[in-house]
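Throughout, protein chains are lettered first and strands after them, A, B, ... in sequence-line order, and every chain is numbered starting at 1.
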2 protein chains.
Amino acid sequence: MRIGVLAKAASVSVPTIRYYESIGLLAPPARQGGERIYGSEALKALNLVRHCRELDFSIDETRDILASVQRRLPCSDTKTFAEKHLGSIRKKIAELRALEATVAALVSGCETTCCGSAAPDCVILQAR
Amino acid sequence: MRIGVLAKAASVSVPTIRYYESIGLLAPPARQGGERIYGSEALKALNLVRHCRELDFSIDETRDILASVQRRLPCSDTKTFAEKHLGSIRKKIAELRALEATVAALVSGCETTCCGSAAPDCVILQAR
DNA sequence: CTTGAACCTCAAGTGGCTTGAGGGCGTAGC
DNA sequence: GCTACGCCCTCAAGCCACTTGAGGTTCAAG
């Protein structure tokens, strides 16, 4: 199958496929007259990559997952990747919730104390 | 004051200050023998920039906020920026919470159904 | 006068692509 | 034969917000 067909089949853009190849995430396929020709294994791999990226694994993590799949390692490995990832997602959520609280407090502070004054004096802009 | 002093006073790295100048976020200061010399206004501006960046405003948003401060616009402007920002923080939190739920479900799915099988068959890696 | 810290500029690297320039091949219609 | 279209190719640059490094200059202290 040509690259455009693979791209549609995996819902990934053509340049993205070439990019994945250039960074060594996907194996370079055979060529016919200069054009890349893919088999069904490439589609499987690309679907897996897309799945990992949708779950927000980094490219490096995706590479590691791909490697453990190709080596048919036990799925406890996969679970370890996922758990670590879950930890970092939760960490980021916590950071964002703290940020949300900070900004929300500043907005309501502005409403109750400084609304109408000039920007340089607004409580939102007072660094601590 | 020299750039190193300014950097310490505002808790910002020296290259970052030069970077802010290069993108037009901070005004280029006077020079003495080729070296940048800053006044107290530069410190105020840089403190404000740092504050905005800590609140995770983008550089462009920070630039707009800085402009509204320098024009002494009413602080309702500032509040509008902050509210818009709060909206995008909340949106990102919602996205991450959905992602967290997805990954957590995959991990517990792996624990109950497939733990021990080979990675290619692990439920975590089954794209939908 | 020498040393060492602090300063300077410019370029490249980070992540994960996207976009664009400039060109080749194959087919379909006129 | 000629043109237009659609697909493919490579290479380079752009996005964000810096950080890091190379290589060179200026300043302050001893």
**Nearest-Å distance for atom pair CG/P, residues A:Leu6 and D:dC9** = 11 Å

**Asked** Does a side-chain heavy-atom distance below 4.5 Å link B:Ile59 with B:Arg53?
**Response** yes

**Asked** If you measure from the Lys or Arg side-chain nitrogens to the Asp or Glu carboxylate oxygens, is any gap between B:Glu35 and B:Arg31 under 4.0 Å?
**Response** no

**Prompt:** How close do A:His85 and A:Leu55 get, heavy atom to heavy atom, and via which atoms?
**Reply:** NE2-O, 2.6 Å

**Side-chain N,O (B:Arg31) to OP1/OP2 (C:dT9) below 4.0 Å** = yes

**Item:** Lys/Arg-Asp/Glu bridge criterion (N-O < 4.0 Å) met for B:Lys84, B:Glu61
**Value:** no

**Asked** Within the structure, does a side-chain N or O atom of B:Arg36 lie under 4.0 Å from either OP1 or OP2 of C:dT9?
**Response** yes

**Prompt:** Between C:dT9, C:dG16, D:dC8, which nucleotide gets closest to the side-chain atoms of A:Ser58?
**Reply:** C:dG16

**Message:** In this structure, how many angstroms lie between the P atom of C:dC10 and the CD atom of B:Glu21, rounded?
**Reply:** 12 Å

Protein-nucleotides 22-30 of chain D N/O pairs under 3.5 Å:
none

**Fill in**
Assign each of A:Ile3 and B:Thr16 the nucleotide of DNA chain D bearing its closest heavy atom; nearer the 5' end lies the nucleotide of A:Ile3

**Item:** Atom-pair distance (CD1 on A:Ile17; C1' on D:dT10), nearest Å
**Value:** 16 Å

**Interatomic distance, B:Arg50 atom CZ to B:Thr16 atom OG1 [nearest 0.5 angstrom]** = 12.5 Å

**Asked** Between B:Tyr19 (OH) and D:dT19 (P), how many Å, whole number?
**Response** 10 Å

**Asked** What distance do B:Ile89 atom CD1 and A:Arg97 atom CZ have between them, rounded to the nearest 0.5 Å?
**Response** 13.0 Å

**Complete:** note: B:Asp56, atom CG; D:dA17, atom C1'; distance rounded to Å ~ 11 Å

**Prompt:** Tell me: CZ of B:Arg53 to C1' of D:dT19, nearest whole Å?
**Reply:** 14 Å

**Message:** I want to verify a distance call: between C:dT18, D:dC9, D:dT20, whose nearest atom is closest to the A:Pro15 side chain?
**Reply:** C:dT18

**Complete:** Rounded to whole Å, the CE-C1' distance (B:Met1 to C:dC7) equals 16 Å

**Message:** Rounded at 0.5 Å granularity, tell me how far CG in B:Leu46 sits from CD in B:Glu41.
**Reply:** 13.5 Å

**Request:** Classify the nucleic acid contact of B:Tyr20 as base, sugar-phosphate or nothing, counting any heavy atom under 4.0 Å across all strands shown.
**Result:** sugar-phosphate

**Asked** Counting side-chain heavy atoms from C-beta on, which of C:dG16, C:dT18, C:dC8 comes nearest to A:Ile59?
**Response** C:dG16

**Request:** May I have the distance from B:Leu26 (atom CG) to D:dC18 (atom P), rounded to whole angstrom?
**Result:** 11 Å

**Message:** Checking contacts here: which listed nucleotide (C:dT18, C:dC7, D:dC8) is nearest the side-chain heavy atoms of B:Arg18?
**Reply:** C:dC7

